[in-house]
Amino acid sequence: MDTLGFVVIAAGVITFSLISNRVQAGIVTAPMVFAGFGLLIGEGGLGLADLAIDHSIVHGLAELTLILVLFSDAARIDLRQVRRDHNLPLRMLVVGMPLTVALGAALALLLPFGFSLWEAALLAAILAPTDAALGQAVVSNRRVPVRIRQALNVESGLNDGIALPLVLLFASLASLAPGAAGEENWIAFGLKQIILGPLAGIAIGALGARLIDRAVATDLMSESFEGAAILGLALLAFAGAEVIGGNGFIAAFTAGIVFGNHVRGRCTFIFEFAEAEGQLLVLLTFMIFGAAFLPEALHHVTWTHALYAVLSLTVIRMVPVALSLIGAKVSLATVGFLGWFGPRGLASFLFALLVLEQSAIPAQEPILLVVICTVAFSIVLHGVSAAPTARAYGALAERMGECPENKPVGEMPTRHDASAGTVSQS
């Protein structure tokens with residue numbers, strides 16, 4: 001990228017930062033701004049920044065962002081607290097997510113894409129994870145019951161790492177025609193990545209937590225370097241798994257879970273680091289999405305791609321969520337609220353970019369177009385609807401009084417709320 005491109009991008013980041021509090025007070029969100037900014041400055045707009053799909057900086061930034069997001073999202077989830085307090089996200093993950101993949105694959109086969117079974121399953125798995133950051137007003141609005149906010153927060157923190165093994169397995173199967181020579185070797189390769197990745201993540205996450213605890217307790221480590229240690233752990237988990245033949249992204253997610261649930265003492269540095277460096281990477285990735293990928297979709301998208309994108313954000317998400325919440329004794333309004341706020345964002349885009357780059361899948365182009373279309377719709381629709389819907393639902397929840405929605409539960413930090421602690425709501 002030339003110097004002018006860097007100047008334009010840096011100026012855009014600084015400008016948004018200066019007015020971010022005012023901008024995000026309304027219906028405009030940071031992902032909306034940066035995706036739109038990317039579309040404006042990219043080759044499809046003014047041509048001020050060279051961010052083509054095959055540019056090395058695009059793939060390098062995508063990999064680094066995904067590693068950090070998988071690690072930090074997993075690290076902020078307290079599994080003991082989830083088991084104790086948060087049955088709603090467990091229902092949506094254990095029941096709702098597999099149903100989402102199954103329904104998404106079935107509808108992809110019914111529409112005239114010409115997908116094989118594994119290609120349809122791959123698309124559904126790529127679009128299964130949610131991104132609570134696209135509806136940040138929902139998980140940060142204190143009028144929304146903490147149990148409901150945390151249901152979306154916990155689901156978003158865990159479902160990208162849970163979906164990733166499915167994405168890798170389906171990608172391996174979709175890359176070969178049925179009965180093709182070497183199919184067993186490809187399946188064995190995929191299973192090896194899925195098995196060895198978590199093993200590397202468990203070892204590095206546990207060792208990292210122990211070393212950092214010891215260094216903090218003996219005053220060997222300065223607070224200013226704690227964030228750097230976290231980045232190093234995430235990268236070490238990724239690289240360590242790749243060295244032994246496992247998948248580095250699964251390792252980063254697993255390491256985050258193990259680290260976050262074993263480290264003691266000062267823990268705020270995890271979230272503060274993700275809030276600063278991590279958020280910048282996320283927003284730059286949305287800018288790349290707008291600059292390099294949106295123009296491609298605008299030129300090639302068809303009604304079929306758009307229809308599936310709409311179905312992914314509505315039927316494919318909301319029906320499984322409704323089924324998973326049967327017996328949870330929450331109101332229909334709550335079921336609809338949880339069902340609608342399943343934005344498709346960073347994880348889906350990065351999964352599509354990285355998996356399709358590394359796999360010889362015949363239906364690469366239509367899968368990527370559907371993902372781009374779905375993420376673009378989600379950025380706008382969930383961004384615009386988050387604040388007003390959260391206010392309306394919060395007011396309704398206040399009138400409900402004592403009910404399952406208002407049950408007191410512990411609160412965990414969101415991706416952009418480093419200060420959250422344990423909160424009860426009556």
Side-chain angles (χ1 to χ4, degrees), residues 1 4-6 8-13 15-16 23-24 27-66 69 113 123 126-127 129-131 133-136 279-313 343-357 363-386:
M1 187 185 302
L4 177 61
F6 279 112
V8 171
I9 292 171
V13 172
T15 301
F16 178 80
V23 170
Q24 295 184 101
I27 62 174
V28 178
T29 65
M32 290 169 62
V33 172
F34 275 79
F37 178 60
L39 183 62
L40 176 66
I41 67 173
E43 292 301 315
L46 300 177
L48 299 176
D50 178 17
L51 291 170
I53 290 177
D54 57 352
H55 201 297
S56 59
I57 195 172
V58 171
H59 296 277
L61 183 64
E63 287 195 2
L64 180 59
T65 303
L66 185 56
V69 167
F113 288 118
L123 174 61
I126 287 174
L127 290 174
T130 60
D131 185 354
L134 293 187
Q136 186 63 26
Q279 185 172 0
L280 178 60
L281 286 174
V282 167
L283 294 180
L284 288 177
T285 303
F286 277 115
M287 184 191 68
I288 289 174
F289 173 78
F293 293 86
L294 271 183
E296 184 77 10
L298 292 174
H299 284 98
H300 297 96
V301 70
T302 67
W303 70 268
T304 314
H305 303 112
L307 175 59
Y308 188 91
V310 172
L311 290 172
S312 180
L313 299 179
R344 306 311 201 280
L346 191 69
S348 293
F349 167 56
L350 293 176
F351 285 174
L353 177 61
L354 297 172
V355 171
L356 296 179
E357 175 195 14
Q364 280 191 9
E365 183 177 344
I367 290 176
L368 185 58
L369 285 173
V370 171
V371 172
I372 294 171
C373 197
T374 306
V375 172
F377 285 0
S378 186
I379 289 173
V380 175
L381 295 175
H382 289 107
V384 169
S385 64

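All values below were derived from every heavy atom in this structure, side-chain atoms included, with hydrogens, water molecules and symmetry-related copies excluded. Residue indices begin at 1 and follow the sequence shown. Please read these numbers as outputs of a predicted model, since none were measured by experiment.
Scanning all heavy atoms of the two residues, the minimum distance from A292 to P295 falls at C-CD, 4.0 Å. Heavy atoms only, all atoms of each residue included: A35 and L294 are closest at O-CD1, 4.5 Å. Here the closest non-hydrogen pair linking V28 and M32 is CA-SD, 4.2 Å. Of all non-hydrogen atoms in C373 and A306, the two that sit nearest each other are SG-CA, 3.8 Å. Nearest heavy-atom pair, A309 versus F377, reported as atom, atom and distance to 0.1 Å: CB-CD2, 3.8 Å.
For the atom pair I379 CD1 and T29 OG1, the distance stands at 7.5 Å (nearest 0.5 Å). Between the CD1 atom of I288 and the CG atom of L283 there is a distance of 11.5 Å, given to the nearest 0.5 Å. A distance of 11.5 Å separates CG in L40 from CE in M287, rounded to the nearest 0.5 Å. Of the inter-residue distances, the one linking L61 atom CG with L66 atom CG reads 11.0 Å to the nearest 0.5 angstrom. Rounding to the nearest 0.5 Å gives a distance of 9.5 Å between CG of L353 and OG1 of T285. Separation of atoms CG (L368) and CG (L123) is listed at 10.5 Å; rounding is to 0.5 Å.
The shortest distance between side-chain heavy atoms of L134 and F286 falls below 4.5 Å. A heavy-atom distance below 4.5 Å is not found between the side chains of T302 and L369.
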Counting only pairs under 3.5 Å, give me each side-chain donor-acceptor contact of residues 344-352, with atom names and distances, residues two or more places apart or in other chains.
residue : atom : partner : partner atom : Å
R344    : NE   : L127    : O            : 2.4
R344    : NH1  : G342    : O            : 2.6
R344    : NH2  : S312    : O            : 3.0
S348    : OG   : I126    : O            : 2.8

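Scored by the ring-ring contact (aromatic ring centres under 6.0 Å, His included) test, F113 finds F115, H305 as partners (sequence neighbours excluded).
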Q.
Please determine whether side chain to side chain contact (heavy atoms under 4.5 Å, CB included) holds for the pair H382 and L313, giving the CA-CA distance in whole Å, both sets of side-chain angles, and the decisive distance to 0.1 Å.
A. CA-CA 10 Å; H382 289 107; L313 299 179; 3.9 Å; yes
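Classification of the F37-F34 ring pair by plane angle, with boundaries at 30° and 60°, yields perpendicular.
Between the side chain of S385 and the backbone N or O of L381 there is at least one donor-acceptor pair closer than 3.5 Å.
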